[in-house]
Amino acid sequence: MSIKIKQASAKDSPFLAKMILQSSRAGKKHGLFDLLFETNDSNIILQKLEQLTTTKSKSHCHYSNFLIAEMDGKSVGTLCSYEPRIATKETFIEALAEIECVDQEESLEVLYGCDFALNNRTLMFDFMEELEGFLDVGVLKALMQKSLLTARLKGYRIAQTIVEIGSLESQLLYKKLGFTEVKQLECELYKEKFGRVGLSLMAIKF
């Protein structure tokens, strides 16, 4: 079965929502969007995330930032790449406001409390996920290769991602794809909310 990589469209919002939720929970009982939307009901969160991927404000969750991997016409994986100078904290707050998720300063502090002071000219990767049952068939590698090719054409030479300390599966996966750890930040608030001690910044030069 060959893997086809395509640019996501608004029609892909249900699948993107599923992958974003899967990524945010990453083996935990709850993740960022459980916190932001103040519920553990997956159906409600998925509805909100679908809306979040199609807001006028183009946050990092906007569908235009995603590539989707398909096999036999079925969506099986995603990878988001965005520029932090464009998809800013303010843009994310505006997007949340569009879907009537407001007054979330405390919850957002969990997300932005571990500040790596990112270079605004560095490309960021997020939400690299695949459906269960499609592991080890090259889905994520194909997504990464396509994203890095596009990034190079745009003039980027370094890409970064942020993963949770203790999320060994994610860390090993990125290392297998050529990423190395740059820095770790332990965050007490993050540990309090999610049970993970903090975040790790990883990078790849290409």
Side-chain angles (χ1 to χ4, degrees), residues 1-8 12 15-28 31-32 53 59-72 74-87 111 114 116-186 190 194 196-206:
M1 293 187 290
S2 62
I3 302 168
K4 177 185 175 184
I5 306 298
K6 71 168 190 175
Q7 179 66 49
D12 297 304
F15 182 68
L16 296 179
K18 182 177 179 179
M19 294 294 96
I20 291 172
L21 180 58
Q22 179 175 303
S23 176
S24 69
R25 285 178 174 169
K28 307 185 300 296
L32 174 67
T53 63
S59 74
H60 65 294
C61 296
H62 194 268
Y63 72 82
S64 60
N65 294 321
F66 282 83
L67 290 178
I68 291 179
E70 291 184 332
M71 295 181 73
D72 290 339
K74 178 181 180 180
S75 296
V76 296
T78 59
L79 178 58
C80 166
S81 62
Y82 65 93
E83 299 173 79
R85 66 187 179 88
I86 296 174
L111 177 63
C114 286
F116 287 103
L118 297 171
N119 181 341
N120 278 349
R121 288 298 302 163
T122 299
L123 193 69
M124 295 298 298
F125 285 144
D126 204 347
F127 307 126
M128 184 169 69
E129 292 291 326
E130 59 192 340
L131 289 180
E132 190 175 345
F134 289 89
L135 306 178
D136 300 323
V137 295
V139 171
L140 299 182
K141 184 178 180 181
L143 282 163
M144 184 64 68
Q145 287 175 337
K146 177 65 174 177
S147 290
L148 292 178
L149 177 62
T150 303
R152 178 175 277 277
L153 293 174
K154 289 181 178 179
Y156 288 99
R157 293 297 178 267
I158 299 175
Q160 296 181 318
T161 190
I162 296 172
V163 298
E164 293 175 327
I165 298 172
S167 183
L168 299 179
E169 189 175 318
S170 296
Q171 288 175 304
L172 287 172
L173 182 56
Y174 274 107
K175 284 180 180 179
K176 190 182 292 186
L177 292 170
F179 284 74
T180 55
E181 189 173 86
V182 177
K183 187 177 182 181
Q184 283 192 355
L185 285 178
E186 294 189 6
Y190 202 92
F194 302 126
R196 299 272 169 87
V197 297
L199 301 172
S200 173
L201 179 66
M202 303 182 76
I204 186 172
K205 294 181 179 180
F206 54 93

Results of side-chain contact (heavy atoms from CB on, under 4.5 Å) for Thr78 - residues two or more places apart only: Phe15, Leu16, Met19, Phe66, Ile68, Glu129
Here the salt bridge (Lys or Arg N to Asp or Glu O under 4.0 Å) pairs for residues 162-176, sequence neighbours left out, are Lys28-Glu164, Glu164-Arg196
Just how far is it from atom NZ of Lys183 to atom CD of Gln160, taken to the nearest 0.5 Å? 11.0 Å
Residues forming a side-chain contact (heavy atoms from CB on, under 4.5 Å) with Lys4, sequence neighbours excluded: Glu70
Applying side chain to side chain donor-acceptor pair (under 3.5 Å), name anything that partners Thr122, two or more places apart in sequence or on another chain. none
State, with a plain yes or no, whether a side-chain heavy atom of Ile3 is found less than 4.5 Å away from one of Val139. yes
Looking only at non-hydrogen atoms, find the nearest pair between Phe127 and Cys80 and report the distance. CD1-CB, 3.9 Å
Can you name the residues that form a salt bridge (charged side-chain N to carboxylate O under 4.0 Å, His left out) with Glu130, not counting sequence neighbours? none
For Asp126, what residues pass the salt bridge (charged side-chain N to carboxylate O under 4.0 Å, His left out) criterion, not counting sequence neighbours? none
Looking at Ala159 and Phe206, what are the two nearest heavy atoms and their distance? N-CE2, 3.6 Å
For the CD1 atom of Ile5 and the CG atom of Leu79, what is their distance to the nearest 0.5 Å? 9.0 Å
Which pairs count as ring-ring contact (aromatic ring centres under 6.0 Å, His included) when at least one residue sits in residues 159-184, sequence neighbours excluded? Tyr174-Phe179
Looking at every heavy atom in both Phe116 and Leu199, which two are closest together, and how far apart are they? CZ-O, 3.5 Å
Holding to side-chain contact (heavy atoms from CB on, under 4.5 Å), I want the full list of residues that pass it with Arg157, two or more places apart in sequence or in another chain. Arg152
Test of understanding: with side-chain contact (heavy atoms from CB on, under 4.5 Å), list the residues that count as partners of Ser200, not counting sequence neighbours. Val163, Ile165, Gln171, Glu181, Gln184, Met202
Look up atom CD in Gln145 and atom CG in Leu177, then write down how far apart they are to the nearest 0.5 Å. 9.0 Å
Can you name the side chain to side chain donor-acceptor pair (under 3.5 Å) partners of Ser167, sequence neighbours left out? Ser170
Do you know the tightest heavy-atom contact between Met128 and Leu173? CE-CD2, 3.8 Å
Let's go through Leu131 and Lys74 carefully: what are the C-alpha distance in whole Å and the side-chain angles of both, what is the deciding distance for side-chain contact (heavy atoms from CB on, under 4.5 Å) to 0.1 Å, and is it a yes or a no? CA-CA 10 Å; Leu131 289 180; Lys74 178 181 180 180; 3.8 Å; yes
So, the side chain of Asn65 versus the backbone of Ser59: is there a donor-acceptor pair under 3.5 Å, distance only? yes
In this structure, CE of Met124 is separated from OG of Ser81 (nearest 0.5 Å) by 11.0 Å
Take Met144 and Leu140 through the test side-chain contact (heavy atoms from CB on, under 4.5 Å) and record every step on the way to the result. CA-CA 6 Å; Met144 184 64 68; Leu140 299 182; over 6 Å; no
Minimum heavy-atom distance Ile204-Gly178, with the two atoms named: CG1-O, 3.6 Å
Between atom OH of Tyr156 and atom OG of Ser147, what is the distance when rounded to the nearest 0.5 Å? 12.5 Å
Distance (rounded to the nearest 0.5 Å) between Tyr82 OH and Ser64 OG: 13.0 Å
Minimum heavy-atom separation for Leu143 to Ala69, with atom names? CD2-N, 3.8 Å
